[in-house]
Amino acid sequence: MSYDEYARELSAALGAAGRSVWAKHDWDSGGWLPLWRHMGDSAGTAAYLWDEWLAPQVRARISEALPRGEADGRRLAVWLAMVHDIGKATPAFACQVEGLAEAMRSQGLKMGSAAQMGKDRSLAPHGMAGQLLLVAWLQDNGWSKRAAQQIGAVVGGHHGVPPSDADLQDALAHRELLYGSASTDAWQRVQRELLDAAASACRIREHLDAWSPVKLPQPSQVLLSALVIVSDWIASNASLYPYFQRTGTAADGRVSRALKQLGLPGRWRPRLPQGSAQDVFAARFSWDEGTRVRPVQEAALAAARAMDEPGMLVIEAPMGEGKTEAALVAAEHMAAVSGAGGCFVALPTMATSNAMFSRLADWAGSLEGIDGSASVFLAHSKAALNDDYTGLPFAGAESADDVERDAAGSRGGGLAAHWWLRGRKKGMLADFAAGTIDQLLFAGLKSRHLALRHLAVAGKVVVIDEAHAYDTYMNTYLDTVLAWLGAYRVPVVVLSATLPARRRRELAEAYCQARRGSPEFDAVEKVQGYPLLTSAVPGGAPQVEAVEASGRRTEVQVEYLDDDPDALARRLETELAGGGCALVVRNTVKRVHATARVLRDRFAGTGVEVSVAHARFVDLDRADKDRELLAAFGPPATVAELGGHRPQNPRIVVASQVAEQSLDIDFDLLVTDLAPVDLVLQRMGRLHRHLRGQGQSERPEGLRTARCLITGADWGQQPPEPDAGSQFVYRRYPLLRAAAALDAHLSAEDGGNTIGGTVVLPDDIDRLVQGAYGPDPIGPSEWQEELGQARESHGIEQAAKADQARAFLLNPPAKPGRSLIGWVNAGVGDTDDSPRGRAQVRNAGESLEVLLLQRRRDGVLTTLSGLGEGRGGIELPTDFAPSEEVGRIAAASAVRLPFPLVAPWVIDRVIDELEQNLLPAWQDKDAHWVAGELLLVLDEDCRTRLAGFDVHYTHQDGLEVTDGH
DNA sequence: AACAAAAAAAAA
Ligand SMILES: [Fe+3]
Ligand SMILES: [Fe+3]
């Protein structure tokens, strides 16, 4: 049956009254669509999506419990798409457009005017009405109410939120909204006629009896919901499915035409990667002759090959062992086994997502089994500012005129961003996506159109990078999402360099939907080894395997240093006497600025350059800073590529945590504040990262041994007292545990000498991480009392975080047969756009981002002067929307306001004052770069006052705020 | 009355 047939069969089966029911209307053009037409469009679209677009593993999941498997799955899906708007065949809906209502009245469907129906109408929105009608119809066909509700809720939820029981009761209590006045049964006859015709057109009549006892698993129900929503959205796109201007408009081939114009990309049909690990990796990543596969990579592919069912693979290995490549190859194999049609890689930040996006696209380009072109998506809020993403060709065509041109243009295949597969809710439906972990965690947040987010991940393999980097709050979401992924049989690859054993166990338990602390998972926590692979398949026994390391090591001499800026300055003077580059990592921006100030004083006129790096810069400056760091301290190839050079004179970079993240930069000497031990290790990774001459002989003589000075605590106390700001950021307990783990490690090394010792990377990573995060006491006995107290209050605090996270947390999958009624109830909706009403997948206090602009002395508004590449000082219009080009610069001039301006007792005043700057002309829809953004306008000296504070911005030091009182 | 980095915000 072709995709165009559904509407024809419907209209043939309906009488004049049934055909008179309308579904869509456009006030501007006066165009409209009858319900039967929208039913046919939606069904045809759903059938096409089932055949050509859904990943095999999604089809399998939907069909799992149905007696005839996928044939039943397709029938059920197409039928639900067809009947999704049956609730429009009610007085409550039909009365809304008087002209169309009048046509229905003349067919005997009596109803009052919209005004006569009054406010009650909102008690029976058409989704909910549809659920009630469908459930009643199924009951008439011999179904139990319970069985009917699991199907009905798909219709009830087609606008994103399945109704609650109470809502359904309220609607039922107003019979006249659904069935008109008690004196007529015309409405019920038409509703039955439409549903009967739909059942015949979808050939489901003969299957209804066999389906009635089925208990649909919730994953199937959610995926059916999502498919109905996607079909409806496509069928409701008026440029694909134009409205009619007259009754009886001929529309032959309308569905096939629309689907051709939509031009969804071809799927990836993954094949098992064949051959040796060496060959597979070399082919996927275009390795040159000399590159050898690493032991972890080889083992990861072997572990994936050993899993004969979809499962979770945890890869723990040090930075620089090719974990990402290992994950992608494992993902390819797992995709072929499970029938995935794509891959999502989740990362902690937008910056790492951007970097991953290019790698993912390269990898996807090398895959076999991609027919036509595949769609790629960069999933985070600032993707539009990323040139790698926006530079991609766009596939498909929004207007019919473009179809021919595009069909010619995209014949070459390859990767493209698809015009329809973009935006917050649809973008993740693309085949290959890289993005922030938030995009994955949203699948665990009760919110509108949640089913779409589930469909987006249910068809893929999911890779979770930097799994150690998430806090208790986010982990609460992650665990719930993993439970759903396990239920969807979505293969998952988890990556980490520093994963606490307890967390490893929790991840595996979550995915397998096992109880916390299930004894089968003891081995996952107790196993020792690094690198380490863990594989888990729901219902099976988890496997663990230690892997040989690849051999690169760095010995780091560790020394404790008092927390005194002057002492630090004196020390650096000595250390850098013979040249060299030092990195000083501070835990707060305040300390970064304070340290930089002292050092600049000290080194003024000596040729020693001091610079800062932190996140309190506008995006464009931050990107420049990162580039400058890479051009000076990156690996030789990168330095050459960026046209930079490693400084000859001594250099000091004072940085916040931005330096511990993804940047591949290398210093001769490291000074760091005491931080949680995984972060200390991460920072140590910036030390002698690249080989510079035999035995590091190209480094200054005194700095050829890697050395790390740890400060940011009063080491004289027992236990050491971490800096107050550090405690605020990281909490006291993890800092004390870090100090204790280091102490235990170093004193074991050299027999009780607590002045310092050696940490070997990567050999000591596992021991330090497990020591710091394990359950056992660690550190000197005199510290234990303090540690015990810190542990207790930390436990309470973390439990509170987990509790907060649960406020909008989705439940794990319920028993099969439980309908989706109330699935996202008490959720956040998406109507509340005020900064405060938004529930989050991250636990953060208030924050405000502003666009930093400048006003010249002559009163003209401009972009910030001094921005690189000629972006600075460009005039901005105030009475109309800025151009595309300048708007983008303004949007990339965002900076987050520091704490003093967003403290709970200040933020309201700050927002009030910033709202004074809003430009009405910039709120227009053609001002999409800047609409809704708060503007902070600086004077010609880059200063301003805000809420009683002095605000100052420099390209050198970023945003500084001082109390102006 | 103290604070990293981090994310995000349109449907049928
Ligand atoms: Fe609808
Ligand atoms: Fe619809």
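Only heavy atoms go into these numbers, but all of them, side chains included; no hydrogens, no water, no symmetry mates. Here is the naming used below: chain letters follow the sequence lines, and residue numbers restart at 1 for every chain.
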Worksheet entry | Residue that, paired with A:H84, satisfies ring-ring contact (aromatic ring centres under 6.0 Å, His included) out of A:H126, A:H159, A:H38 | A:H38
Worksheet entry | Side-chain heavy-atom pair A:V658, A:R622 within 4.5 angstrom cut-off | yes
Discussion item. If we count only N and O atoms by modelled type, under 3.5 Å, do the side chains of A:H380 and A:S353 hold a donor and an acceptor together?
Written reply: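 A:H380 vs A:S353: no donor-acceptor pair found between side chains.
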Practice prompt. May I ask you to verify if any side-chain N or O of A:H449 is less than 4.0 angstrom from the OP1 or OP2 atom of B:dA12?
Written response: yes
Worksheet item: Is any side-chain nitrogen or oxygen of A:S381 closer than 4.0 Å to OP1 or OP2 of B:dA8?
Response: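 Yes, within the criterion.
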Which of the following nucleotides, [options], is nearest to the side chain of [X]?
X      : options              : value
A:N237 : B:dA8, B:dA12, B:dA4 : B:dA12
A:T349 : B:dA4, B:dA9, B:dA6  : B:dA6
A:A615 : B:dA5, B:dA8, B:dA11 : B:dA5
A:K24  : B:dA7, B:dA4, B:dA12 : B:dA12
A:Q657 : B:dA8, B:dA5, B:dA12 : B:dA5
A:K425 : B:dA6, B:dA11, B:dA4 : B:dA11
A:R896 : B:dA12, B:dA5, B:dA7 : B:dA7

Could you go through nucleotides 1-3 of chain B and list every protein N or O atom that sits under 3.5 Å from one of its N or O atoms, giving the distance for each pair?
| from | atom 1 | to | atom 2 | distance (Å) |
| --- | --- | --- | --- | --- |
| B:dC3 | OP2 | A:K590 | NZ | 2.4 |

Worksheet item: In whole angstrom, what separates A:R842's CZ from B:dA4's C1'?
Response: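 The answer, rounded to whole Å, is 12 Å.
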